[in-house]
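Contents: one structure, followed by commentary.
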Amino acid sequence: MNEKKDFLRTIVEEDLKSGKCKEVVTRFPPEPNGFPHIGHAKSIALNFGIARDYNGHCNLRMDDTNPTTEDTKYVEALKDAVHWLGFEWEGSVRYTSDYFPQIYAYAIQLIKMGKAYVDSLTEEEIREYRGTVTQAGKRSKYAQRSIEENLDLFERMKRGEFKDGEHVLRAKIDMSAANMKMRDPLMYRIRHAEHFRAGNEWAVYPMYDFAHCLSDYIEGVSHSICTLEFENNRDIYDWVLETLELEPPRPYQHEFARLGMNYTVMSKRKLLELVEGKYVNGWDDPRLPTIAGYKRRGYTPESILTFCEQIGVAKANSMVDVSQLEFCIRDDLNTKVPRVMCVLDPIKVTIENYEGSEEIDASYYPHDVPKEGSRKLPFSREIYIERNDFMENPPKGYFRLTPEQPVRLKHAYIIACKEVVKDENGNVLEIKATYYPESKSGSDTSGIKVKSAIHWVSAAEAKEVEVRLYDRLYSAEAPEGIEDLNPDSLHIVSNALIEPAVITQKCDERFQFERQGYFYADPVDYSDEKPVFNKIVGLKDSWNKKSKKAEQAPKAPAKKEQIDGEVVPMTEAQEALYAKYTNTLGLNTEVANTLARDAQLSDFFEEALSAYNSPVNLANIITNDVARELKQMEVSALKFTAKEIASLVKLIDDATISSKIAKQVFEEMVKSGERPEQIVEDKGLVQISDPAQILPIIEEVIANNPDNVAKFKAGNNKLLGFFVGQVLKATGGKANPQVVNELVSNQLY
RNA sequence: UGGGGUAUCGCCAAGCGGUAAGGCAACGGUUUUUGGUACCGUUAUUCGGGGGUUCGAAUCCCUCUACCCCAUCCA
C-alpha cells in the first residue's frame, strides 16, 4: 500500500476507524457508450486500488439507463480495459438494467410517501418552470395529483400507454432550492427504445440521479467515487437514500478531479468525432488516449498504472503534462526490453578494406540491465547507417561520423570516412570507409578513441520493415477541435532496415531500437512477410534538444497584478457599532470590521464583554476562533457560552495559560462544553514560565539536534521556530512560548 | 448574477499552528561502446492578492481576485 495517502484513502480509513463502514466496497460504473480512455484508467486504478488496499472489493457496473446511446461493443471494451490493467471485479459484471425492477419499486414507494409525482408538463415548460440560477422556479400544477392518480399514471407509463415525453416522474423536493439539481429532479422518463440488454421490456427508464444511488445501495457499495461535476448531484443522492429510509449501511458519494492531459482530448464527443470523421484509424488508433490505443501502441499496463499513481488524486482541476506518461513507459521498458538495431533512413557505407563476412555475438541488453541474452549480428563490407549519423560539415559538439571523425559501429568495428559519393545536386549517395581490424568490440587493441557508437545493419541480411512513427495527435496544448490536429501525427517509414534477428526470433513483442526509442510489433498488421512496428515513445534526446534550443526565444514571465474588488458598504447600524468598537473599546479596525458586520458575532461579543471587561482579547478570540464554529452552526447549537469564553480570556489575561494552550482549551470546550477552568485543572494545563524548569529541556533539544544548531548558527533564522516547537512538544505545549523563545535564542547565541 | 467547488515551483502533488515532502520537466556534473540508463548536485525566504489573530500562519479569521461545475426527459 502507498505510504502516501490521497484524500480518498484518508476518508476510507477514517470511515473504517469510526465504524461508519465495516467493509470497503467500491465500484467502477461507466456508461457503456464509448471506449474507455486513460481518464477511465485513473478511475479504475482508484476504485480497484482502494478496494485492494483495504481488503474490500470492487464491482464493475455498466450504468446502462439510457437505451439510445449504449451498446454491447462498449461493454466488451470496458471489460477488456479493466482486465488489461490487471484488475478483477467481484462476481459477474453488474448492470443497472438488472436493477430496474427494484428501482421501479423504490419509485412506487416514493410516490406512496407523497415524495414523487407524475408531471405532464412539456419539456420546454419544465425547463421554464425550473427558473434560473438567480431566480426560484415554480412547481408544476401536476404536483397536486393524488397518490392514487400518480400510482395509476406511473403504472401506465411503465406499460407503455404513453408516448415519449408525455409524462415524467419527478421527486417532490424544492422548486426554489439554491442547488438547481434539487428543483424537483426527474426520476423517470418514457422511452420507447430497445435496450441492448433489457430489450423492449421497459417503456420507462430511470434517470442517473435516481438509479445511481440505488444501484450503489443495492450492491452494498460503501464509497461511491465519482468525478467533480457530480458534486451538485450529491444532494439528490443523499435525499433519495434518506427519504426512502433505507436500512443501513448506505453508500456515500465522494468526488475527485478527472484527469486532463495536454495535447490530447478526453471527451467522449471529441473522441467520437475523431473516429467517425476518420481523422484516426478506429478506436485503437495508437495516437488516441483510449486504452485500446495505448495497448496497440505498445504501452504496458504497468506503465499506465504507475502513471495513475504518480499523478495522485485531488480535487483541483488539473492538466497533466504528457511527459509524465512518457516517462512512465520509458522507465518501465528500459529494464524489460531487448535492444536491437534498425536504420530508419539508410545511407550506404562501403568498407573498402573489409573482405568476406562474419557473425558477431551481440548482447540484447546493455551492461546496466540485469538480463541475459544475445543474438548473431551479421557484419559485412556493405552496411547501412542512419543518414543523420554522418555530416560533412558538422556543427560543434557533433559526435558522429564526419570526414575527420571516426565512429564506432555498435558491437563491431571503428570506421573512418574516406570518400563521400554525391549526385549532381550534392546529395550524399554513399560513403566509402575503412575499418580498423584491431578495433573489434570486446577486443579492441587499436587505442583509437571515438566520441560515439552508432547503430547500423548489414546490407545483405537486413530486412525491410514498415515503421510507424507517432507524434502527438494535436499541436495545441489544450486542443479545441479538429482545427488543432497535428498534421504530422503519423509518419510512416515503409522501408526501414532492421537486423534479421528481430524478424526470425522475436524474444518479446517490444524492442528498443538502439538510440531511437521503444517499438512494438503492431498486433494487427504485423506479419513476417510485412513486419510493422509502432513507435511507442522515443528515447530522451539531449543532442536534438540542444540543437533545437538555440532557436527558441525565452518568453517573458508576465506576473499579473491583482486588483481588489469593491467591498459591500456597512449599514448605519454597523457603522455605529464599528465606531464604538474602534473608538471607545480600542479594537483594531480589522477586528472591529469583522465584528460589526456580523450580528451573531457582535451579540456574542457584547455578552462576553458584560461578563468580563477585556475588550481586545475577547474580540480577538471571538472574531477568530468563535467565528470558525459559527460558520458551521447557529449560536444556539454551540456547546459553550459567551460567559465561558470570558472566563477563558481571563485565564489568558492572568497568565495562567498561554494563548497556545487557550486554543487547546477552546477545542475542548467546543467538543465537551466543559468550563475552561475545569479543563485546565483536569488536564493540568497551567503554563510553565519558570526558566529553571524550561532550561534543561532546551539544552536537551539543542543536544539532540546538532545539525539544526549548526544551520541556525549559519544564519537560518527560521529554525528558531523549530526549536521552540520542539521544546513546546516536550512540555506538552505547557511551556510559556514567549519565555521559551527568549531562552532559546539566548542559548543559541 | 444564486449555489457548489478549487487555488502550494513550468506540470502534477504532500502538507491540517512549529525546518515548504516527492515525482515529471529544466539546468549543471560523473559513469557509459545507446547524446539512453544510473548516480550526484541546482531549481518556492514562500503557498492566488491584501489585511488580521498568534511568540510563531501555507495551515485559524476577514476580505478581494481568478478558474471549474449546475438552469439535458445525458451520465
Side-chain angles (χ1 to χ4, degrees), chain A residues 4 30-31 33 63 65-66 69 123 126-127 130-135 137 164-165 168 177-181 183 186 188-191 207-208 212 228-235 255 257 262 310-312 314-321 323-324 327 330 334-335 339 366-369 397 399-400 408 410-411 441-442 444 450-455 512 514-516 539-544 546 561-567 588-591 593-594 597 620-621 623-625 627-628 658-660 663 708 711 716 718-726 728-729 736-742:
Chain A
K4 211 83 237 182
E31 182 190 12
N33 70 345
D63 205 7
T65 57
N66 184 358
T69 56
E123 211 175 322
I126 286 179
R127 203 174 8 254
R130 190 145 33 214
T132 67
V133 286
T134 47
Q135 282 169 281
D164 284 13
V168 289
N179 180 356
M180 296 287 294
K181 293 273 182 196
R183 322 253 253 228
L186 274 60
Y188 267 93
R189 78 286 215 186
I190 298 170
R191 193 138 292 184
M207 302 289 290
Y208 166 86
H212 205 92
L228 247 30
E229 66 268 29
F230 292 100
E231 276 171 327
N232 296 316
N233 300 251
R234 190 175 57 232
D235 282 348
E255 310 86 14
N262 57 9
Q310 280 186 7
I311 57 174
K315 293 193 75 162
N317 286 318
S318 56
M319 180 79 89
V320 178
D321 200 306
S323 66
Q324 188 102 27
F327 168 81
R330 270 192 213 107
N334 178 42
T335 52
R339 272 63 169 174
H367 63 98
D368 49 4
V369 172
F399 293 167
R400 290 104 101 150
R408 172 174 297 281
K410 177 91 182 176
H411 300 297
S441 187
D444 185 351
V450 289
K451 290 211 173 91
S452 73
I454 61 174
H455 59 281
Q512 183 193 107
E514 200 104 26
R515 302 208 300 137
Q516 311 207 86
L539 256 27
K540 273 180 139 186
D541 187 352
S542 48
W543 167 244
N544 192 18
K546 204 178 282 180
E561 215 167 288
Q562 269 192 29
I563 303 155
D564 274 6
E566 243 160 76
V567 183
N588 84 35
T589 56
E590 197 60 31
V591 171
N593 190 18
T594 309
R597 281 170 181 278
N620 283 345
I621 202 161
T623 40
N624 289 291
D625 301 80
R628 181 175 68 238
S658 63
S659 60
K660 185 187 173 73
K663 298 260 179 201
N708 282 333
K711 276 195 226 164
N716 190 345
K718 291 183 288 200
L719 252 28
L720 187 63
F722 163 75
F723 288 111
V724 174
Q726 290 295 310
L728 249 32
K729 204 166 148 194
N736 180 333
Q738 273 151 83
V739 175
V740 174
N741 251 307
E742 216 171 287

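In the text below, chain A, chain B and the rest are named by the order of the sequence lines, each starting its count at 1. These numbers were taken from a predicted model, which means no experiment stands behind them. We use all heavy atoms of the structure for the numbers below, so side chains are in, but hydrogens, waters and symmetry mates are not.
A:V320 comes within 4.0 angstrom of the backbone, heavy atoms only, and of no base. At the heavy-atom level, A:K729 lies nowhere under 4.0 Å from the strands shown. Residue-level contact check: A:L728 touches the bases, meaning some heavy atom is under 4.0 Å from a base atom. Within 4.0 Å of A:K181, counting heavy atoms only, lies at least one base atom of the nucleic acid. At a threshold of 4.0 angstrom between heavy atoms, the contacts of A:I311 are confined to the sugar-phosphate backbone, with no base atom among them. Contact annotation for A:K451: no contact, since no heavy-atom pair falls under 4.0 Å across all strands. Contacts of A:H411 with the nucleic acid, taken as non-hydrogen atoms under 4.0 Å apart, include base atoms. A:F399 comes within 4.0 angstrom of a nucleotide base, judged by non-hydrogen atoms across all strands. Backbone-only contact: A:S542 has heavy atoms under 4.0 Å from sugar-phosphate atoms and none from a base. Within the 4.0 angstrom heavy-atom criterion, only backbone atoms of the sugar-phosphate kind lie near A:D63; the bases stay farther away. Among the protein residues, A:N624 comes within range of the nucleic acid bases, having at least one heavy atom under 4.0 Å from a base atom. Across all strands, A:G565 comes closer than 4.0 Å only to sugar-phosphate atoms, never to a base (heavy-atom distances). As judged by a 4.0 angstrom heavy-atom cut-off over every strand, A:F230 is placed among the base-contacting residues. Within the nucleic acid shown, A:N317 comes within 4.0 Å of sugar-phosphate atoms alone, with no base atom in reach, counting heavy atoms only.
Summarising the geometry of A:G131 relative to A:R183, their closest heavy-atom pair is C-NH2, 3.9 Å, with the distance given to 0.1 Å. Scanning all heavy atoms of the two residues, the minimum distance from A:E31 to A:N66 falls at OE2-CB, 3.8 Å. Residues A:K451 and A:F399 come closest through the heavy atom pair CD-CD2, 3.5 Å. Closest approach of A:P737 and A:L728 over heavy atoms only: CB-CD2, 4.2 Å.
Within 3.5 Å, a donor on the side chain of A:R408 pairs with an acceptor on the base of B:U33, or the reverse. Taking only distance into account, the side chain of A:N741 never meets the base of B:G56 through a donor-acceptor pair shorter than 3.5 Å. At a cut-off of 3.5 angstrom, the base of B:G18 holds no donor-acceptor pair with the side chain of A:K718. With hydrogens and angles left out, the side chain of A:N334 and the base of B:U37 share no donor-acceptor pair within 3.5 Å. Side-chain atoms of A:D564 come within donor-acceptor range of the base of B:G49, with a qualifying N/O pair under 3.5 Å. One donor-acceptor pair, N or O on each side, does fall under 3.5 Å between the base of B:G23 and the side chain of A:Q324. For B:U54, its base never sits under 3.5 Å from the side chain of A:S659 at any donor and acceptor pair. A donor-acceptor contact under 3.5 Å is formed by the side chain of A:Q562 with the base of B:G48. The base of B:G51 has none of its N or O atoms less than 3.5 Å from a complementary donor or acceptor on the side chain of A:N588. A donor-acceptor contact under 3.5 Å links the side chain of A:R400 to the base of B:G35. Taking 3.5 Å as the limit, the base of B:U72 and the side chain of A:E123 contain no donor-acceptor pair of atoms between them. For A:N232 against B:G3, a side-chain N or O and a base N or O form a donor-acceptor pair under 3.5 Å.
Look at A:T594 and you won't find any side-chain N or O under 4.0 angstrom from OP1 or OP2 of B:U63. A close approach under 4.0 Å does not occur between any side-chain nitrogen or oxygen of A:R515 and OP1 or OP2 of B:U37. The phosphate of B:G3 (OP1 or OP2) has no side-chain N or O of A:R183 nearer than 4.0 angstrom. Contact annotation: A:R127 side-chain N/O to B:U72 OP1/OP2 distance is under 4.0 Å. Look at A:T65 and you'll find a side-chain N or O under 4.0 angstrom from OP1 or OP2 of B:A75. The phosphate of B:C70 has neither OP1 nor OP2 within less than 4.0 Å of any side-chain N or O from A:R234. The side chain of A:N620 contributes an N or O atom lying less than 4.0 Å from OP1 or OP2 of B:U54.
Nucleotide B:C60 is matched to B:G52 when pairs are restricted to Watson-Crick or G-U wobble geometry with both distances under 3.5 angstrom. Shown here, B:G2 forms a base pair with B:C70; the pair counts as Watson-Crick or G-U wobble because both key distances fall under 3.5 Å. Across every strand in view, B:A7 sits in a pair with B:U65 that passes the Watson-Crick or G-U test at under 3.5 angstrom. Under the Watson-Crick and G-U wobble criteria, each requiring two contacts below 3.5 Å, nucleotide B:C27 is paired to B:G41. The partner of B:U46 cannot be assigned: no Watson-Crick or G-U wobble pair with both contacts below 3.5 Å exists in any strand.
In this structure, A:R597 atom CZ and B:U63 atom C1' are separated by 9 Å, rounded to whole Å. Whole-Å rounding puts the A:N716 CG to B:U19 P distance at 11 Å. Atom CZ of A:R339 and atom P of B:U34 are 11 Å apart (whole Å). Counting to the nearest Å, the C1' atom of B:C67 and the NZ atom of A:K315 are 16 Å from each other. A:I563 places its CD1 atom 21 Å from the P atom of B:U63, with the value rounded to the nearest Å. In this structure, A:N736 places its CG atom 14 Å from P of B:U54, rounding to the nearest Å. We find that CD of A:Q726 is positioned 8 Å from C1' of B:G18, with the value rounded to whole Å. If you measure from atom CD of A:E590 to atom P of B:C64, you get 11 Å, rounded to the nearest angstrom.
Nearest-nucleotide assignment on RNA chain B puts the 5′-proximal partner with A:T623, out of A:I126 and A:T623. Looking at which nucleotide of RNA chain B each of A:M207 and A:V567 is closest to, the 5′-most match is held by A:V567.
Looking at A:M180 and A:N232, their side chains never come closer than 4.5 Å, going by heavy atoms from C-beta outward.
At a cut-off of 3.5 Å, with distance as the only test, no side-chain donor of A:N334 or A:R330 sits close to an acceptor on the other residue.
For A:N233, counting side-chain heavy atoms from C-beta on, the closest listed nucleotide (B:A75, B:C73, B:G35) is B:A75.
Ring-base stacking between A:W543 and B:G35 is satisfied, the centre separation being under 5.5 Å and the plane angle under 30°.
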